There are 2 protein chains.
Amino acid sequence: MDEKLSIWKQKLKKKGLRWTKQRAAILKVLLASERPLSAQEILLRLQSQNSKLRLSTIYRNLNYFEQEQVVNLLQIDQKENKFELNNGHHHHLVCADCEEVLVLDCPLQNFEKQLSGKTDYTILEHRLNIFGICPDCKSK
Amino acid sequence: MDEKLSIWKQKLKKKGLRWTKQRAAILKVLLASERPLSAQEILLRLQSQNSKLRLSTIYRNLNYFEQEQVVNLLQIDQKENKFELNNGHHHHLVCADCEEVLVLDCPLQNFEKQLSGKTDYTILEHRLNIFGICPDCKSK
DNA sequence: GTTACTGCAAACGGTTTGCACTGTC
DNA sequence: GACAGTGCAAACCGTTTGCAGTAAC
């Protein structure tokens with residue numbers, strides 16, 4: 001866990017971002033989480049550890065992190081944005097009930113290539129999210 | 001155009017929604033638009049026709065329409081939600097520059113079937129949006 | 001006549017911003 | 001010591017809501 005954290009520390013430093021205890025705290029929470037989190041959720045988890053960050057600090061850093069591609073911003077919730085550490089391109093199967101998340105490999109590489117041939121668009125990126133009900137929630 | 005409008009009118013009536021001039025105006029704007037629109041954009045287009053709806057009316061109706069599956073809500077813009085008439089399942093290739101939209105057939109039917117076999121999730125829906133630069137914007 | 005819908009104004013909630021202070025390098 | 005980062009409070013802005021009046025059926 002602390003090894004992983006120091007890997008992210010190196011990444012931030014390479015990007016020219018300073019290593020503050022606030023940033024460490026935010027990344028630690030994201031590292032420990034089994035699913036993407038909103039800024040509010042990060043705040044709550046920090047507060048339960050008696051860590052006192054402001055929401056504005058969290059938002060500002062999440063924005064920096066996103067610019068530097070350290071975290072991904074996900075639109076899997078109507079209300080609030082969710083964030084996860086950037087561990088390469090993938091997609092999510094999200095339980096609509098309990099929010100559990102399964103990571104999926106991208107099924108669209110070929111499709112995207114065909115598309116840029118067919119349309120004359122330069123393809124930049126795509127966003128795919130799949131929603132369902134997980135086995136646990138089904139049996140409830 | 002007015003024929004198309006009366007088709008939507010029938011659909012609304014079937015769903016038990018009343019046919020008001022506000023609803024007609026909103027659907028007319030969506031019908032005439034070549035791309036999905038935000039509530040604000042709908043308001044602007046209505047104002048330029050001297051039609052005086054409130055934003056709250058537009059939002060309320062878009063929400064009703066979405067519940068009744070008359071329109072789709074699209075998250076193709078970070079800031080504001082966009083809406084389009086529901087003409088069956090498809091996806092969008094959006095120009096990141098000028099917002100032009102190309103409609104795409106869904107490439108994920110098989111993937112979705114495999115997925116529900118592999119994961120024990122009940123698949124509900126998926127959202128896919130592709131972003132690129134259109135030929136016109138490239139040549140600028 | 002009943003009830004859904006609309007106008008209007010105010011609230012809501014996630015996110016951003018300005019500014020003085022603080023901590024990293 | 002310079003300057004990036006933080007705390008704090010206030011603003012921002014898309015969207016929702018309560019309520020009284022109006023229009024669809």
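To find a chain, count down the sequence lines: A is the first, B the second, and so on, and within it residues start at 1. Model, not experiment: these values are computed from the prediction.
- Proximity of A:Asn81 to the phosphate of C:dG14: no side-chain N or O atom is located under 4.0 Å from OP1 or OP2.
- A:Leu27 is listed as a side-chain neighbour of A:Trp19, based on a closest heavy-atom distance under 4.5 Å.
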**Message:** Checking B:Asn72 against B:Asn86 for the side-chain contact (heavy atoms from CB on, under 4.5 Å) test, could you report, in this order, the C-alpha distance in whole Å, the side-chain angles of both residues, the deciding distance, and whether it holds?
**Reply:** CA-CA 6 Å; B:Asn72 300 324; B:Asn86 178 355; 3.6 Å; yes
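- Running 5' to 3' along DNA chain D, contacts with non-hydrogen atoms of chain B at under 4.0 Å begin and end at D:dG14 to D:dC25.
- In this structure, A:Ser33 contributes its side chain and A:Leu30 its backbone to no donor-acceptor pair below 3.5 Å.
- Under a 4.0 Å N-O distance rule, the pair B:Lys82/B:Glu41 qualifies as a salt bridge.
- Legend: ring-ring contact (aromatic ring centres under 6.0 Å, His included) pairs involving residues 68-102 of chain A, not counting sequence neighbours, sorted by first then second residue: A:His89-A:His91, A:His89-A:His126, A:His90-A:His92, A:His91-A:His126.
- Nearest-nucleotide assignment on DNA chain D puts the 5′-proximal partner with B:Phe83, out of B:Thr20 and B:Phe83.
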Could you give the side-chain donor-acceptor pairs of residues 53-64 of chain B under 3.5 Å, partners two or more places apart or in another chain?
residue, atom, partner, partner atom, Å
B:Asn61, OD1, B:Arg23, NE, 2.7
B:Asn61, OD1, B:Arg23, NH2, 3.1
B:Asn61, ND2, B:Thr57, O, 3.1
B:Asn63, ND2, B:Tyr59, O, 3.4

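- The number of heavy atoms from other shown groups lying within 6.0 Å of CD (A:Gln69) does not exceed 12.
- What separates NZ of A:Lys13 from P of C:dT24 is a distance of 10 Å, to the nearest Å.
- Near DNA chain C, meaning a heavy atom under 4.0 Å from it, residues 34-47 of chain A has A:Gln40 in order of number.
- Along DNA chain C, the nucleotide closest to B:Gln22 and the one closest to B:Lys79 are compared, and the more 5′ of them pairs with B:Gln22.
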**Request:** Begin from the C-alpha positions of A:Val94 and A:Arg35 and carry the test side-chain contact (heavy atoms from CB on, under 4.5 Å) through to its verdict.
**Result:** CA-CA 10 Å; A:Val94 184; A:Arg35 63 174 180 79; over 6 Å; no
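- Helix bend of the helix from C:dG1-D:dC25 to C:dC25-D:dG1: the angle between its two end axes, each built from five pairs, comes to 40° after rounding to 10°.
- In the region residues 53-68 of chain B, proximity to DNA chain C at under 4.0 angstrom, judged on heavy atoms, holds for B:Arg54, B:Ser56, B:Thr57, B:Arg60, B:Asn61.
- The interatomic distance linking A:Trp19 (CH2) with C:dC25 (P) rounds to 10 Å, in whole Å.
- Enclosure of atom NZ in A:Lys52 is not indicated, since only 12 or fewer non-hydrogen atoms of other residues, nucleotides or ligands lie within 6.0 angstrom.
- Proximity of A:Asp77 to A:Ser38: side-chain heavy atoms (C-beta onward) are nowhere separated by under 4.5 Å.
- Residue A:Gln75 contributes atom CD, which lies 16 Å from atom P of C:dG14 at whole-angstrom precision.
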